[in-house]
Amino acid sequence: MKDSMIRGADIVVRSLIAENAEIIFGYPGGAIMPVYDALHDYHDQLRHVLTRHEQGAIHAAQGYARVSGKVGVCIATSGPGATNLITGLADAQIDSTPLVCITGQVASHLLGTDAFQETDVVGISMPGTKWNIQVRRVEDIAPAIAKGFYIAKSGRPGPVLIDITKDAQTNFGDFNYEPCLGFRSYRTHIPIEKSAIQEAAFLINMAKRPYVLFGQGVVLGGAETELKAFLEKSGIPAACTLLGSGALSEDHPNYVGKLGMHGNYAPNMLTNQCDILIAVGMRFDDRVTGDLKRYAKQAKVIHLELDPAEINKNVKCEVAVLGSCKDSLALLTAAVNKNTYPDWMAKFKELSDQEKATVIDPDLTPTKPGLTMGEVIHQVNKYKADDAILVTDVGQHQMISWRYFNYKKPRTQVTSGGLGTMGFALPAALGAQMYDFSRQVICVVGDGGIQMTIQELGTIMQTKAPVKIVLLNNNFLGMVRQWQQMFFDKRYSFTELDNPDFIKIAEAYNIQAQKVSVRDDLQEAIEDMLIHDGPYFLEVVVEKEDNVFPMIATGCSVEEVRLS
């Protein structure tokens, strides 16, 4: 693909088109203005969404990437525009989200002079990116973008930042785009060792109480079918991490629940009773393991993982199976015996029944007058589509939504997992919706987090993206308040919120809005929201001191999970 003597800015845009980018999210400014000038000529080939803040742009790109499985793209200017991407880069890095972020930079002769809006974004972003680079010559633009896309989407995905000086954008050069297919020292394909499969299969076949923990690696590797086949042949119970939700339908008989601090009672408790622990595409995050010194010490651990850095990082394993879990699961399925574990499965059922009586029933069918967060999500479940996408912010509503949303399809869970970024949901929901206007995108937010990126209601208004926003309003920073209640003697230090009239704000953005505060109005309001043709804002006033249980407190063992 060769074209002679075009501006660097046009090379940027044509390179994105060559990588089959469909949509980019961004915000213009001085140092990136040549690229925006070039975009004007390619609007029929590449759609641009103008967000209201650069953080909104990168979170929208994350939402797009997480739902589509493609590389998300965002653009910002230099200085504050570039630094406003840092939170999103760190979020994408820890959650393995493929992004290519392009920032403008001052002209190369001004570098190091503290020029207007000059910031060393390459230095600042280095810890939060899979790869970054500064481009100062027009001839280096296309190769940098090609390499950036390859790195972002290959192996364990992650974010890439490409910083391009203004003179590189305005100078002329040849356009000869060659996609990157690999380069020395960067290995993305790891051959699976047959001996590791044999060792793992031997341990599994000898086990009395085997247990599978699966994470987002199953989704990233497209291994949902292979996971299902492995579980159905082996008969092993399986639980998911936060980001693993949707990799296996929650209706599947082998599915036993969710892991972690606010996961289900049985999956957490029985982690310390299994004899073989099979981790598939998960990294043993501290929110899953609790106190590592007391985590699954009785079990032999088999770890199926793409990234060698995760092996033995937190939990020591007996057998490491490196490589794509799509391939390793298929090989392992062929090697294991067909089996069932009725007594072991009965233990999960017994503890699950205990959680249902103590926590779930009071959450979903409460007797107290105030609305609970759980019953709101329960009502959403009744009317949502099977392939509805849930996008959540961070806090109590995130954990409650995760607990009660019935995931049946892959890539229907979008949330900030590792970084826990408040303000993530609203722009991420926009990005998810921009990928597919026909899908239900349900954005659940708290009254704290939504005010961090509430300006993106303007982007929703302008794009007419039919996002359904459910605000669970308790006039508190709820998760922090819960910790203050439980561990700081109810000393509610700076967590209570005096909130604005959210309905008026939504209506000011021409978004249909409704407020519910009594139970009799909830069901009809949710039906109205989900059938509405266009964006919708539903504020639900919930109990101020409604807590999320079960809970494993920081520093505790998974066996010390509390039901109240």
Side-chain angles (χ1 to χ4, degrees), residues 87 242 258 260-265 268 286-287 290 355 358-360 362-364 366-378 380 390-405 415-426 443-454 469-503 505 515-519 522 538-556 560-564:
T87 297
L242 174 64
K258 300 175 172 75
M261 179 175 280
H262 291 290
N264 295 116
Y265 189 52
N268 282 311
D286 62 292
R287 288 295 173 102
E355 179 186 353
T358 308
V359 178
I360 296 174
D363 267 355
L364 303 189
T367 56
K368 54 189 175 183
L371 289 165
T372 68
M373 295 177 284
E375 67 180 307
V376 178
I377 305 306
H378 184 53
V380 169
L390 175 68
V391 186
T392 54
D393 214 81
V394 172
Q396 285 184 314
H397 68 275
Q398 176 192 33
M399 293 294 99
I400 285 286
S401 299
W402 175 51
R403 283 178 52 77
Y404 295 126
F405 194 85
T415 196
S416 173
L419 197 64
T421 304
M422 291 178 68
F424 172 87
L426 196 61
C443 173
V444 182
V445 291
D447 48 312
I450 193 173
Q451 293 185 78
M452 293 190 172
T453 52
I454 198 168
I469 303 157
V470 180
L471 168 62
L472 300 182
N473 188 355
N474 57 12
N475 289 102
F476 265 115
L477 299 176
M479 189 61 84
V480 183
R481 184 213 54 77
Q482 178 171 335
W483 281 56
Q484 288 175 338
Q485 176 184 339
M486 296 176 66
F487 307 118
F488 293 88
D489 300 320
K490 288 191 174 183
R491 290 160 58 85
Y492 294 160
S493 180
F494 304 104
T495 47
E496 191 163 9
L497 296 170
D498 288 338
N499 285 321
D501 187 328
F502 289 109
I503 301 302
I505 292 173
K515 184 174 183 176
V516 171
S517 56
V518 295
R519 186 163 290 118
L522 180 62
L538 176 62
E539 178 184 0
V540 184
V541 179
V542 296
E543 286 275 354
K544 289 194 72 171
E545 294 184 276
D546 192 10
N547 288 333
V548 186
F549 288 103
M551 180 179 180
I552 304 169
T554 300
C556 290
E560 296 174 302
V561 56
R562 297 171 54 168
L563 289 175
S564 61

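What's counted below: heavy atoms across the whole structure, side chains too, no hydrogens, waters or symmetry copies. Note that this is a predicted model, so its numbers are computed, not measured.
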If I compare all heavy atoms of [X] with all of [Y], which pair ends up nearest, and what's the gap?
| X | Y | value |
| --- | --- | --- |
| Ala553 | Phe487 | CB-CZ, 3.6 Å |
| Pro550 | Arg403 | CD-NH1, 3.2 Å |
| Gly374 | Leu364 | O-CD2, 3.3 Å |
| Pro366 | Arg519 | CG-NH2, 3.3 Å |
| Ile377 | Phe405 | CG2-N, 3.8 Å |

May I ask you to decide if [Y]'s main-chain N or O and [X]'s side chain share a donor-acceptor pair within less than 3.5 Å?
| X | Y | result |
| --- | --- | --- |
| Asn264 | Lys258 | yes |
| Asp489 | Arg491 | no |
| Glu355 | Tyr265 | yes |
| Glu543 | Gly370 | yes |

Query raised in the report: Do other residues, nucleotides or ligands put more than 12 heavy atoms under 6.0 Å from the CZ atom of Phe488?
Result: no
**Report entry** CZ/Arg287: more than 12 non-hydrogen atoms of other groups inside 6.0 Å
**Finding:** no
If we only count heavy atoms from C-beta on, is the [X] to [Y] side-chain gap below 4.5 Å?
| X | Y | result |
| --- | --- | --- |
| Tyr404 | Asp363 | yes |
| Glu545 | Gln482 | no |
| Gln485 | Tyr492 | yes |
| Asp546 | Gln396 | no |
| Val541 | Leu371 | no |
| Thr415 | Leu242 | yes |
| Leu522 | Val376 | yes |

Value rounded to 0.5 Å, distance of [atom1] in [X] from [atom2] in [Y]:
| X | Y | atom1 | atom2 | value |
| --- | --- | --- | --- | --- |
| Met261 | Arg562 | CE | CZ | 11.5 Å |
| Trp483 | Leu477 | CH2 | CG | 15.0 Å |
| Leu426 | Asp393 | CG | CG | 8.5 Å |
| Met422 | Thr87 | CE | OG1 | 12.5 Å |
| Asn474 | His397 | CG | NE2 | 10.0 Å |
| Met486 | Phe549 | CE | CZ | 4.0 Å |

Requested in this report: Please say which of Lys544, Arg481, Lys490 ends up in a salt bridge (Lys or Arg N to Asp or Glu O under 4.0 Å) with Glu496.
Outcome: Lys544
Report task. Kindly determine whether Glu375 and Val540 satisfy side-chain contact (heavy atoms from CB on, under 4.5 Å), including the steps that lead there. Result -> CA-CA 11 Å; Glu375 67 180 307; Val540 184; over 6 Å; no
Query - Side-chain donor-acceptor contact under 3.5 Å, Ser493 with Gln484 - result: no
Query raised in the report: Do Thr392 and Ser401 get their side chains close enough for a donor-acceptor pair, meaning under 3.5 Å?
Result: no
May I have the list of side-chain donor-acceptor pairs in residues 444-451 shorter than 3.5 Å, sequence neighbours left out?
{"from": "Asp447", "atom 1": "OD2", "to": "Asn475", "atom 2": "N", "distance (Å)": "3.1"}
{"from": "Asp447", "atom 1": "OD2", "to": "Phe476", "atom 2": "N", "distance (Å)": "3.3"}
{"from": "Asp447", "atom 1": "OD2", "to": "Asn499", "atom 2": "ND2", "distance (Å)": "2.9"}
{"from": "Gln451", "atom 1": "NE2", "to": "Asp447", "atom 2": "O", "distance (Å)": "2.7"}
{"from": "Gln451", "atom 1": "NE2", "to": "Asn499", "atom 2": "OD1", "distance (Å)": "2.8"}

**Report entry** Reference residue His262; test side chain to side chain contact (heavy atoms under 4.5 Å, CB included); the match among Val561, Ile552, Val548
**Finding:** Val548
